[in-house]
Structure formats: structure tokens, C-alpha cells
There are 2 protein chains.
Amino acid sequence: MAEREAGGSTGRAATLSDVAKLAGVSIATASKAINGRDQVAPATRQRVMAAAEQISFTPNELARGLINGRTGTVGLLTSDLEGRFVIPILMGAEDAFGAGQVNVFLCDARGDAIREQHHLKALLTRRVDGIIVVGRQTDPRPSLGHDIPVPVVYAYAPSDDPTDISITPDNRAGGRLAVEHLLSCGRRRIALISGDPAFAAAQDRAVGVREALTDAGLELVGSPMYSDWSEHWGRDASAMLLRQYPDVDGIVCGSDQIARGALDTLRDLGRDVPGDVAVIGYDNWEILATNSRPGLTTIDANLQQLGRVAATRIFDALDGAGGAGSTEVTGGTEHLPVRLVIRGSTIPRR
Amino acid sequence: MAEREAGGSTGRAATLSDVAKLAGVSIATASKAINGRDQVAPATRQRVMAAAEQISFTPNELARGLINGRTGTVGLLTSDLEGRFVIPILMGAEDAFGAGQVNVFLCDARGDAIREQHHLKALLTRRVDGIIVVGRQTDPRPSLGHDIPVPVVYAYAPSDDPTDISITPDNRAGGRLAVEHLLSCGRRRIALISGDPAFAAAQDRAVGVREALTDAGLELVGSPMYSDWSEHWGRDASAMLLRQYPDVDGIVCGSDQIARGALDTLRDLGRDVPGDVAVIGYDNWEILATNSRPGLTTIDANLQQLGRVAATRIFDALDGAGGAGSTEVTGGTEHLPVRLVIRGSTIPRR
DNA sequence: CTGTTAGCGCTTTCAC
DNA sequence: GTGAAAGCGCTAACAG
């Protein structure tokens, strides 16, 4: 019966029954008062609130979740070891319904299917309201399947099952945007250095690039150069490119890493950027884009918005399924707009 | 009364009572069977397991948590917008007790005290077993205070309250390690370019650097150069340094970003790395360290281990408080060892 | 071995 | 307005 020190650093947390006792009301009334139900006398509410404050009562969301079937948590299942994509997506998901409304379990599967299975199970056991799956690239990834009792949304990388809900940045629009910007900077001899051609991201961006060029009555200088997304490739590819086409005046790069490599090579070759050649990257990876010489103009995929939309879709699906079915949520891939971030690599500063 | 489609994509999850009914036993027996209690006949257990399997029953961890007071979740409260430190720490915490045992709520306060407060409250409401606070730099950060009903561990950045439990990388040892490596590479004229001197990290690393030099009967070339942790500063500082001390043969940098800038400048000046000057960074930020020319030797803070230790401390504290008090967990700052990662910037490849 | 009972902390009818 | 009671899904005594 001995009570632990009140307010002690590990004393058991106050319960609603403690509050009720202190305020001299029933548990039910305390509950109503605290949750702002209107069938409570103002004076009573006062007393209850004061009591709650006094013993710093924190409602137990688990108990609530047991009753209403919602936990206000979502699982974020990823293999993005760098955290470069997943962090903004997580921030967006957190924000979708206001600070502290939704909490996110971040699980890193580290590219291991077994570990992913473990995490998935753990998330379901914790009764998350939904799961957001974040792929490593914008390449379709295996579906988790349909026998999962909560909504699943694939973010960044779409699911390979078209009946799943997927949300991905509009890579084609990104490609267009890059070229249109170079054109508006007066460039006409534009080349493309991209990453691994097996990735949808590389292909889609290339399609956008070509479309925009065609629309302007132009053609790509040389053929697109594909290899990997690294700085090394950016350096090597741009060296090759300039050797073959010395009069290139704009380079679209498939990633900021590639762009960074290109800038290095241009510098080594004594070419002026952007005066001589303009360079545009992709991803807006700040650490790379802001530290390069000059700063790197690039395409930002709006990942935070992507996270926000993903979280919204989950709760839409939940509400749709619970309601009369009027808000039917259908599968399919949604492409989110991207945006241009201009720095010194395409437009001279000042 | 209409049952939803069994196995439907959003049908309500199976409960223990469903399993019991299907197996023709009581709920209690089903519980015992599933949790491997030994007071269950093998045949019965078989039947229960089969039933559970059949309707893909997943135990509700919330309900369990309600009873035993443990949720198997921890909150990770951070302001590390890049996610560069927090992701490895999170992975370590996840791993501390095996895959899927513990799940981590990642909350990004974005450097905003109000938002941090919101998140803290949300975490407590979700009854996390403990909280890991990850600072942005290894600089002491304000304590969350002691009126939190669960254990709090400060990781990476220690708390400014010495009675809190803090776990931080050993920056001093890191400084020593960097210099000792340069010495072992035959360098004798060593300089230090670091970041913001207001940061404990900058100071502590500098102390280690000086100690190691003193032990070798040497002195730093010039005085330590402090400004910020950026590539820009690395470029500028190294240019100044080489102008003043052209015979420097080793540069210790306070961050990989600074080191990267230094490499750029050395390249511009036509100095050979590592033949002429060896450069060592700090952080082992892969994207920077592996893409530089040459690859960057650097100090790795073992963040994953840090996360593992942090999670362990939380559950130690929990067990200590619950038990007879024999495992008393006391506050204080624990310094974790760091390690050297050798690449081409200090030792010629092949 | 198995089932009954109580109860974790909370919300929600439904009487009073 | 307020409180008694039932119950969310599960576990932990205790009887049988």
C-alpha cells in the first residue's frame, strides 16, 4: 500500500481515478470534464482541471486507443540508410495534423527483407493506424500485399502493385523544369548526365528533359549519359562530354552528387560556371548544393509535402472505410509537383 | 451485427477472443498457449496456434502495455534536421534488444522549444518506456528536468544538468586519435582547422589534439583556426594556413565538411594529398568522405553503438527503479570511444 | 490442465 | 449534471 514519492522521477503516472478522487467527483465526470464534453457544470470542470494540473495528470493514450481503435500513430518503414529522404517525409507526416497529434515510428529495415517483416509485425502489434513505406529510390518496390489490417501508403518509391496507394515526386515534370530553366537562361546546347538507367527516376527525368527540348525545337547534345548517381561519375562523365562537345552550354544532372562532380571537373578544366556552362542538379541535398562553388541550382522534390500527403491518405482511407463508403480511397500512383531552387550554377550572382 | 469481410484489407483485427472461440477454449487458455506458458496441454496449444495462424491473429501490444506498464517503445527527441546523427542512433536503439523488440518514435523538434514540449507531451501520453534526447552538436543542452515519469537519456549532446544521464562521443580521444594517426604517417608539422569555438566539440577535440602533440614533443603549427563547420571555411582557412606556413604536412580538421574544403584548396594550389600534405576529417559523413579526392580519412563517432547504449540505459533505469534498487542507475556523462577510418587522404592508395 | 474472475485506464451509454 | 456499469483486449491470480 505504500505510495511512491509523489512526483518522484519514476513514480507511477497519475491516472484519471486519481484526478477524480482529488476533485471529489466520479471517474466518468472527470473524463467528461477533461475532454471538454459539455454535460459538465463549469464549477466542476474547474475543480477537475485544477486537480489534473496539480498531480500533472497525462491521459493514457493507450487506454484510449483500446477503446476507440485509433492510436494516432503511424509506422514509417524505410531502407533509406542515409535518412536523406525519410527525415523530411517524416516531418511532413508529423505535421499533417498539427504538432503532437500524430507520432511516427521510424523503422529502418536496412534493405533486409527479414528485418522489414519483423518491423512490420512489430508495428501491427503496436496498432499503428497506418504504414508509410519509403523506398530508397523512386523505383517501384515490392508491395507489402493486401492482407494488412491498416492502410499502407508507398511514398517516394511507388509500389509495384498498381492497386496500392503510391505517392511519388513527378520526375518527368522535374526533368522539364530543369530544361525550361536552362532555356530561360539562354542555353541552347544542353546535355544530360544521369544515374543508373535501371532506375525509373533516371528514365522519367530523361523523358521530361527530352519533352522540354522538343517543345523548344531543340535536341539533346549527344546521348544521355547513364552510370551511377555518384560524384565520381559526374566528374568522369562531364570530362568526356566536354571533350566530345566543347560547346555545351548547359548540363542537366540526374542528382546533386553528379552535378557536384561536374562542377569539379569544369573547375579543373578552367570553364566558367555559369558564364560558360550552366549546371543544374536534382534533389536539393543542401549539404551538397549549398557548399559547391558556385551554389547549385537544383530540383527539390518537396518531400515534406509528400509526407504530409501520405499521412493524410492514411487517415482518409481509415475514415472512408469506417464511414458510409462515400469517401472511397482508390489505389494508384499520385505524382506530386516538384520545384526549382535557383542558385549560382545557372545564374551569376548579383 | 453484420460482420465485415474476413481478411478484408481494413477488417477489424482479430482478437484473442476470436482465437479462443475458434479453438474452442477459454480466452485465458488461449493467452497461455500463445505466450508459451507451460500449463497448457500440447494438443490444446496446437489447436490454439493453428486458430491464431488461420485468422492471422496479432496480439494487441497496447492492451498488454496497459497491464504490465511497459510498451516496448522509446521516444527519440531531436533537432537534428539533417538526420545525419539521429539515424544511426535510432538504428542502434532499435537493435539494442533484437529486431522488433523496441520501436522508436522519432520526433523532430526543429530547434523549436514549443514543438519540443508538444512532442514530449505526446510521447508521455503514448506511454513510452523512456526518452532519448539527441542534440544537434555535442554541446550541452538544457535538461528536460526531473519531473518526467520515465527515464531520460541524453545522447550525443549531454545535458547541462550533471545529474542527468548523458552519453556522448569522446571528442578528446578523437582529437588524440587524429594526431596519433598523422604522427604514425610520419607527419610532424601539424595544424588544426576547426569549427565554431563556442562548441564543446571544437574545444574538446582541440584538447585531444594538443595532448597528443605534446606527448610527442611537438607543437601545433600556428594557432588553432576556428570559425564554422563549413566547406567554405575549410577552403578559406587552409588557403590562409598554407600561405603562412607553406611547410605544413598534416591538417586536422574539425569536421568532414571543413576537410573537404581543405582538400579543394590543396588541389587548387597544386599540393599533393597525401604526399605533400595529409588531411584528416571528423564525423565519417560518408557522402562527403567517400566522394572526395582522395577519399577522406576521418574519425567515426560510433553513433550506432551510442544509440544502443542509450536504449540499454533506459531499460536499466526502468529495471533498477522497479527492482530492489540494487541496480541503481546514477547520472553522469559517459564518453564512448571513437574510431579511426582510414582512406586516401592520409595514406597513399596501394 | 482449464476456466472463471478481476482489473489495467479510459470512454460511453444510460439511469438518476 | 452526475455517477454506476459495461467493456476495449489482454494477463494474472485463483479455483476447479
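Being a predicted model, the structure only gives us computed values, none of them experimental. Below, chains carry the letters A, B, ... as their sequence lines are ordered, and counting in each starts from 1.
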message = What's the angle between the local helix axes at either end of the helix from C:dC1-D:dG16 to C:dC16-D:dG1, using five pairs per end and rounding to 10 degrees?
response = 50°
request  = Taking heavy atoms of chain A and a 4.0 Å limit, find me the 5'-most and 3'-most nucleotide of DNA chain C within that range.
outcome  = C:dG9 to C:dT12
Which salt bridge (Lys or Arg N to Asp or Glu O under 4.0 Å) pairs, counting each pair once, include a residue from [range], with sequence neighbours left out?
range                     : result
residues 13-23 of chain A : A:Arg12-A:Asp18
residues 57-86 of chain B : B:Glu61-B:Arg64, B:Arg70-B:Asp319, B:Arg84-B:Asp283
residues 24-36 of chain B : none

For [X], give me all partners under side-chain contact (heavy atoms from CB on, under 4.5 Å), at least two apart in sequence or on another chain.
X        : answer
A:Ser143 : A:Tyr154, A:Ser159, A:Asp160, A:Asp161, A:Asp164
A:Ala93  : A:Val104, A:Ile132, A:Ala311
A:Thr71  : A:Thr73, A:Arg127, A:Asp129, B:Leu62

request  = Please check the phosphate of D:dG3 (OP1 and OP2 only) for any side-chain N or O of A:Ser26 closer than 4.0 Å.
outcome  =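 For D:dG3, OP1 or OP2 has a side-chain N or O of A:Ser26 closer than 4.0 Å.
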request  = Can you run down the ring-ring contact (aromatic ring centres under 6.0 Å, His included) pairs that involve residues 32-83 of chain A, sequence neighbours left out, and say none if there aren't any?
outcome  = none
key: Pairs touching residues 71-101 of chain A that satisfy ring-ring contact (aromatic ring centres under 6.0 Å, His included), sequence neighbours left out   = A:Phe85-A:Tyr156, A:Phe97-A:Phe315
Would you be so kind as to tabulate the donor-acceptor pairs closer than 3.5 Å made by side chains of residues 39-47 of chain A, with sequence neighbours excluded?
unit_1: A:Arg45; atom_1: NE; unit_2: A:Ala33; atom_2: O; d: 3.4
unit_1: A:Arg45; atom_1: NH2; unit_2: A:Arg37; atom_2: O; d: 2.3
unit_1: A:Arg47; atom_1: NH1; unit_2: A:Ala23; atom_2: O; d: 2.7

query = So, are A:Arg110 and B:Glu94 salt-bridged, with charged N and O less than 4.0 Å apart?
reply = yes
task = Spell out protein contact along nucleotides 8-16 of chain D as letters: B when the base is contacted, S when just the sugar-phosphate is, - when no protein heavy atom is under 4.0 Å; keep the 5' to 3' order.
result = BBBBBB---
